Amino acid sequence: MEERYDPISIEARWQAFWEDKGVFRVNEDISKEKYYLLEMFPYPSGKIHMGHVRNYTIGDVIARYKMMRGFNVLHPMGWDAFGMPAENAAIANNTHPAGWTYDNIDTMRIQLKQIGFSYDWDRELATCHPEYYRWEQWLFIKMFEKKMVYRKEAYVNWCGTCQTVLANEQVEAGLCWRCGKEVVQKKLWQWFFKITDYADDLLDYCDQLPGWPEKVTTMQKNWIGKSFGAEIRFPIENSDEVITVFTTRQDTVFGATFMCLAPEHPLVPELSKGGEHEKEVLGFIDKMSKQDRSAKGVESYEKEGVFTGAFCINPMTGNRIPVYTANFALMEYGTGAVMCVPAHDQRDFEFAKKYGLDIVVVIQPKGKTLDSSVMTEAYIEDGVQVNSGEFDGLLNRKAMDKIADYLEAHDLGRKTVNFRLRDWGISRQRYWGAPIPMIHCEKCGVVPVPEDQLPVVLPEDADLLEGGGSPLSSLDYFKKTACPACGNTDAERDTDTMDTFVESSWYFLRYCSPKYDKGMFDREAVKYWMSVDQYIGGVEHAILHLLYSRYFTRVLKDLGFVDFKEPFTRLLTQGMVCKETVSCPEHGFLFPEETVYKETDPQCTKCGKPADFGRVEKMSKSKKNVIDPNILLKKYGADTTRLFCLFAAPPEKDLEWSEQGVEGGARFLNRVWRLAVDWIPVIKEVDGFNGKPSELSGKLLELYQKVHQTTKKVTNDIDERFHFNTAISAVMELVNVMYALFPENSGKDKSNSLKDLKPEETGVMKSALETVILLLSPVVPHFSEELWQALGGTPSILSVSWPKYNEDALVSDEMLIVIQVNGKLRGKFTISADADDDALKEAALSHDQAKKFIDGKEIRKVIVVKKKLVNIVV
RNA sequence: GCGAGAGUGGCGGAACUGGUAGACGCACUGGACUUAGGAUCCAGCUCUGGUGACAGAGUGGGAGUUCGAGUCUCCCCUCUCGCACCA
């Protein structure tokens with residue numbers, strides 16, 4: 001073993017060793033308990049960033065720990081390889097998305113291997129492989145057959161210049177992010193998954209996921225957004241049509257004095273047709289269709305609307321009320337129609353004030369009387385019904401039920417629930433995705449591609465369009481096909497691709513049998529490995545990805561392919577990796593390599609001017625506050641990088657980058673290394689201490705106890721709490737005790753210091769050093785393998801079982817007792833561990849330090865806490 | 001606005017079921033070893049007063065429960081995150 005710790009050579013050697021021996025390769029083995037550990041797979045964006053390093057390091061520690069605990073650990077890795085960045089990069093560089101993606105995968109795979117992660121690379125998958133998306137297409141068809149997927153016309157953000165659909169995030173202030181031209185709402189035929197059929201089940205099970213952070217389950221609950229209420233039908237005057245509204249406040253129906261429809265509501269043009277308001281209404285619809293969706297979502301957005309010219313009848317009062325179309329009515333929520341009760345809804349109130357509409361109070365607060373003519377805001381609290389016919393005098397909460405019953409009994413409406421969750425639109429007018437396996441035939445309609453013709457392979461020789469639209473619709477050899485049902489040769493393939501969230505909704509199942517070619521997965525393998533015991537990833541996926549995965553698992557269960565509903569038993573959402581930004585007055589944000597430091601003040605290397613520290617923010621290219629993991633690997637090695645990521649913060653919290661922190665980690669590893677270098681020659685050939693603690697005394701006994709305490713703490717911290725930071729600090733403490741035990745071994749000259757040691761001294765030291773190495777091994781695996789071997793162990797250290805602690809070693813024959821007087825710390829003493837409460841009391845009362853505070857005062861009470869403290873109340 | 005979480009030294013962060021607040025690390029200070037050290041080892045390091053032993057204050061602010069509160073309860077302030085014209 002080298003005198004000096006040289007991570008670079010060690011790490012490459014052990015990585016090669018693990019790979020040669022296939023240490024991380026696993027198979028289903030019913031004789032062992034399985035553990036499926038999964039980290040969210042990366043998008044192959046180019047190279048690994050610190051967020052990946054942190055995420056995968058956390059996972060790796062758990063995986064390696066579980067391996068040492070004897071579990072059969074499935075720990076796979078793959079690539080979420082479809083998506084827009086590949087297309088954009090391909091357009092920018094005039095290359096192909098596939099080439100770009102595969103190059104990135106190659107680069108990133110090498111990086112992951114350099115960090116020493118324990119993946120079973122034989123199970124690697126990439127979602128852009130036809131052998132992967134083949135089964136996704138197959139499932140799509142199965143879902144189509146069971147009517148779990150359907151097609152409808154829906155609005156999308158459309159950029160006419162780029163000829164493409166934009167995601168909401170790509171619309172900036174109503175303009176296209178790429179070309180800066182106006183974005184419109186366009187109706188397109190699109191495929192939808194009926195996730196709303198599962199809304200209730202997905203919601204109910206949120207409370208049955210004890211291993212998930214509550215934050216995530218509440219976010220999902222809010223996203224699903226179940227609200228109880230009623231549907232009420234308002235007949236339109238002089239028409240057979242009826243407007244159905246959804247409300248959660250049917251108790252206020254007597255106060256509904258007007259109606260608002262969403263601009264997209266199909267009745268709006270119809271109601272205004274031919275009337276004097278038609279022109280104005282159509283103008284309003286047009287204006288709204290051009291408006292950016294995100295701007296609509298701002299609360300301060302001015303409420304506006306226009307009268308359609310039509311009236312409908314409030315079914316409870318019989319009054320005719322005007323029908324408006326208004327910008328605050330959302331087509332996506334409820335029925336797209338709102339019964340407006342200005343007295344009891346703030347939004348309706350503002351609208352009524354603006355357009356001079358009636359305000360009728362139907363709920364009175366207790367002990368007060370509201371007067372609609374002087375109200376300045378809506379009264380939204382509970383109260384007593386008034387102006388509500390036979391329901392007057394009831395508490396409004398009671399009236400809710402009664403009115404709902406009345407509506408049902410008189411066929412005017414019904415009790416219902418409404419969800420915020422909408423069906424999942426998966427059609428993308430994009431190239432780099434999995435083709436939707438459907439064929440459109442003039443005669444037969446929409447026909448699925450026959451199973452034996454799957455996969456529908458995405459043509460890889462397509463030229464991308466300059467504007468970014470999909471080239472598939474102009475690729476005749478792809479598009480033109482024969483109808484599988486009638487043979488009509490003029491049929492056309494669907495040229496849309498699937499949302500990339502579809503691929504990531506089932507990849508965890510594919511890992512169980514990634515090469516299986518008779519189905520999505522081998523059911524036996526899935527039975528063995530699933531569910532995922534621990535899933536780890538960023539909180540940014542708390543809603544969509546996790547909800548979609550839960551949905552897919554339910555679909556597969558209902559189709560009979562799996563026998564469970566929930567894919568992920570435990571979930572850990574790790575925090576972000578952050579760093580302060582640095583900006584130059586002239587050049588804006590600066591990359592770390594564009595900054596030099598004079599003392600501690602940053603300076604711009606381009607102009608030499610002083611720069612400023614900005615806020616601590618998530619590492620991002622746009623803020624330029626990024627640290628390239630490659631640089632860390634070269635400078636410090638993988639183990640130090642891993643150690644820092646774990647030590648600087650608990651996993652669920654944000655981690656602030658600190659160069660000094662990394663150096664602290666390196667220093668610690670060097671410290672352990674030197675300890676090993678000094679001691680291995682004297683302890684390599686001896687056995688670890690196997691005797692009883694009673695054979696030891698003094699400092700040596702303390703070290704022995706510390707070894708076992710540390711083992712217990714580290715085991716708990718990793719296994720139950722994932723608090724790697726405190727686990728590491730516990731090992732640091734142990735190392736400090738080892739250094740302190742033989743102080744003559746400190747400093748430079750230690751030539752003679754380790755001779756003439758007693759057998760129990762070398763034995764305890766050997767056990768202690770072994771323990772340090774084993775406890776650290778999940779965190780710094782290369783380092784630990786190296787030292788383990790140097791200590792005479794056989795690699796890999798992963799096949800060594802996790803150290804056990806001896807409960808007997810944890811109990812000392814003395815205990816430290818704290819004395820409090822009136823709750824304040826006044827002294828401490830040690831006493832034999834078998835002393836009883838009375839002995840403690842006596843010892844405390846006669847303690848010199850305590851006496852000062854007791855003397856001359858009356859003792860009212862003495863509280864003794866077993867083995868801990870004595871509190872004297874005077 | 002609604003929902004969730006968090007406020008502890010100069011900094012990152014410890015403190016499991018209420019029981020020694022500040023573990024561990026960083027930074028800083030002093031010492032040792034040194035030709036030298038940004039290497040290493042040892043020591044100090046919440047604030048205030050005192051040379052000192054020691055005393056007092058102290059976990060965002062205010063009340064409360066308790067022998068005892070960072071931890072439990074109530075009110076308030078600040079920050080972060082998520083959802084947001086959801087009828």
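Chain A is the first sequence line, chain B the second, and so forth, proteins listed ahead of strands; every chain is numbered from 1. Everything quoted here is computed from the prediction, not taken from an experiment.
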Legend entry - Sugar-phosphate only, base, or nothing, as touched by A:A329 at under 4.0 Å among non-hydrogen atoms: base
Inset, instruction - Name the nucleic acid region contacted by A:K824, choosing base, sugar-phosphate or nothing; use a 4.0 angstrom heavy-atom cut-off, strictly under. - result: sugar-phosphate
Inset, instruction - Return yes if the base of B:C83 and the side-chain atoms of A:N222 contain a donor-acceptor N/O pair under 3.5 Å, otherwise no. - result: no
Legend entry - Watson-Crick or G-U wobble partner of B:C2, both distances under 3.5 Å: B:G82
Inset, instruction - Kindly say if A:R420 contacts the phosphate of B:C85, meaning a side-chain N or O under 4.0 Å from OP1 or OP2. - result: no
Legend entry - Whole-angstrom distance between B:G70 and B:G9, as gauged at atom C1': 14 Å
Legend entry - Residues A:Q709 and A:Y805: side-chain donor-acceptor under 3.5 angstrom: no
Inset, instruction - Mind checking A:I728 for me? I need base, sugar-phosphate or nothing, with any heavy atom below 4.0 Å counting as a touch. - result: nothing
Inset, instruction - Give none if B:C41 has no partner; otherwise give the nucleotide forming a Watson-Crick or G-U wobble pair with it, both distances under 3.5 Å. - result: B:G31
Inset, instruction - Looking at every strand, decide which applies to A:R667 at a 4.0 Å heavy-atom threshold: base, sugar-phosphate, or nothing. - result: sugar-phosphate
Inset, instruction - Compare the minimum distances between each of B:U80, B:G12, B:G19 and the side chain of A:F647, then state the nucleotide with the smallest one. - result: B:G12
Inset, instruction - Report the base-pairing partner of B:G56 (Watson-Crick or G-U wobble, both distances below 3.5 angstrom), or none. - result: B:C47
Inset, instruction - Determine the interplanar angle of the A:W424 and A:Y548 rings, folded into 0 to 90°, and report it as parallel if under 30°, tilted if 30 to 60°, perpendicular if over 60°. - result: parallel
Legend entry - In B:G9, glycosidic geometry as syn within 90° of 0 or anti otherwise: syn
Inset, instruction - Would you indicate, yes or no, if B:C67 has its OP1 or OP2 atom less than 4.0 angstrom from a side-chain nitrogen or oxygen of A:K861? - result: yes
Inset, instruction - Please check if the distance between the ring centroids of A:Y324 and A:F351 is under 6.0 Å. - result: yes
